[in-house]
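Input: a single structure, listed below in structure tokens.
Keep in mind the model is a prediction, meaning the values are calculated, not measured. Ligands are counted one by one from 1 in listed order, and the atoms in each one are counted from 1 as well.
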Amino acid sequence: MTKPVTDLIHHPYVPPAGFAAPQPGVFKASTVIFANVAAMRARDWKHKTGYTYGLHGTPTTFLLEERIAALEGGLQCVLVPSGLAAIANAGMALLKTGDEVLLPDNVYGPSRNLADGEFRAWGIAHRLYDPMKPQDLEARIGPHTRLVWVEAPGSVTMEFPDLPELVRICRRKGVTCALDNTWGAGLAFNPFDLVPGEELGVDLSVHALTKYPSGGGDVLMGSIVTRDDQLHQQVKLTHMRVGWGIGANDAEAVLRSLPSMALRYRAHDVAARALARWCEQRDEIVQVLHPALESSPGHAHWQALCGDQGLAAGLFSIVLHERFTTAQVDAFCDALKLFKLGYSWGGPVSLVVPYDIASMRSAQLATWPHKGVLVRFSVGLEDVADLQADIDQALQALRAAGHS
Ligand SMILES: *Cc1c(COP(=O)(O)O)cnc(C)c1O
């Protein structure tokens, strides 16, 4: 006879059979219990034939991995605690001392900081290339280049590169190509099938699930999706050695948000495009950056990849006239009421961030043509007329400040 306190732990409960609810159960574990030593020794965590330890996966995380791989058209997926951790995990898996990684000049900023910090300290060099000039990438790939990052579009300045051409160059040169697919999110284009009939795709697709898959502004998570088992194993080994586990509640939140993701993405897109087109009419603004606008750099590449009626994420940037000082543009951002000051995107709340682009670019490439301050909007799920009125009132305040 065991004591009641023990019976509370070793209870006869088994989950109900035939309980086919819309959402899966949430399984939590660090420890997974084995029937005997032989089972413990025999179980292989690498191929998902069984469970060994919470860090290496639970039914909840395995399910989310399958769904994210399916979303992006891949076969395998590794989940990590943030989008940036996914970028780091991919780099750590593929690069060693003496290697070189190439980054687009408009790369997600923290990715560049990582290359400048830890990777440089580990003897891994990086160089920047102009993503709008495929020949520039081609020329910079050298004997030590092991990895090329691509992004479509750059998530602040929104230039849309000729992604298929960048990937073809990596193929020709035999260099692994990794995409930061947070903007496309698996919805705007298929990263593993970029051109119908050509069998052209990236090798790894990294996604900040923090953005659209979460959709709530309340979860941090990242994924690394592949279509090659050997590459996946490399990523997975690094993941295991580093120990980047994710929490079951976070996995549950993303699993709950995924069914509405395509609808949300489309709603963010429609609203962002309407606001971007409206901004094009304003003379305080010299350039609106959104790949679906004809005047935005790389518009034709977006159209070719995503289709004439194609999708785009709910992000756009404006460049204000150079007569407005940085302090005046800061005041414009402060004057916005519905657009909140905050990083990230993909959630219900509209967000705004001013950027000093010149300081973010390599002087050597000097690809940024504008003098005015750039402001990036992440469009949430509020009523679009309310958002437009909000930008309008802040622009009126800016205009008044510009005249004083
Ligand atoms: C947000 C973001 C990331 C990083 O995601 P976190 O979960 O915030 O670490 C990476 N790439 C892009 C393009 C992003 O927008």
Output yes when a side-chain donor or acceptor of His321 lies under 3.5 Å from a complementary backbone atom of Arg323, and no otherwise.
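Present.
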Any idea which residues sit under 4.0 Å from ligand 1, heavy-atom distances?
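Contacting ligand 1 under 4.0 Å are Ser82, Gly83, Leu84, Ile87, Tyr108, Glu151, Ser155, Asp180, Thr182, Ala208, Thr210, Lys211, Leu220, Trp345.
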Pairs of donor and acceptor atoms involving the side chains of residues 213-221, under 3.5 Å and at least two apart or interchain, shall be tabulated with distances.
unit_1	atom_1	unit_2	atom_2	d
Ser214	OG	Gly216	N	3.2

Quick check for you: to the nearest 0.5 Å, what is the distance between Arg399 atom CZ and Phe324 atom CZ?
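So the CZ of Arg399 and the CZ of Phe324 are separated by 6.5 Å.
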Going by side-chain hydrogen bond (donor to acceptor under 3.5 Å, both in side chains), name the pairs with one or both residues in residues 18-29, residues two or more places apart or in two chains.
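Listed by first then second residue: Lys28-Asn249.
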In terms of relative ring orientation, are Phe377 and Phe316 parallel, tilted or perpendicular, with 30° and 60° separating the classes?
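Taking Phe316 first and then Phe377, their aromatic rings sit tilted (interplane angle of 30° to 60°).
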Taking distance alone, no hydrogens or angles, what donor-acceptor pairs closer than 3.5 Å link side-chain atoms of residues 348-357 to residues at least two apart or in another chain?
unit_1	atom_1	unit_2	atom_2	d
Ser350	OG	Gly380	N	2.7
Ser350	OG	Glu382	OE1	2.7
Asp356	OD2	Ser359	OG	3.3

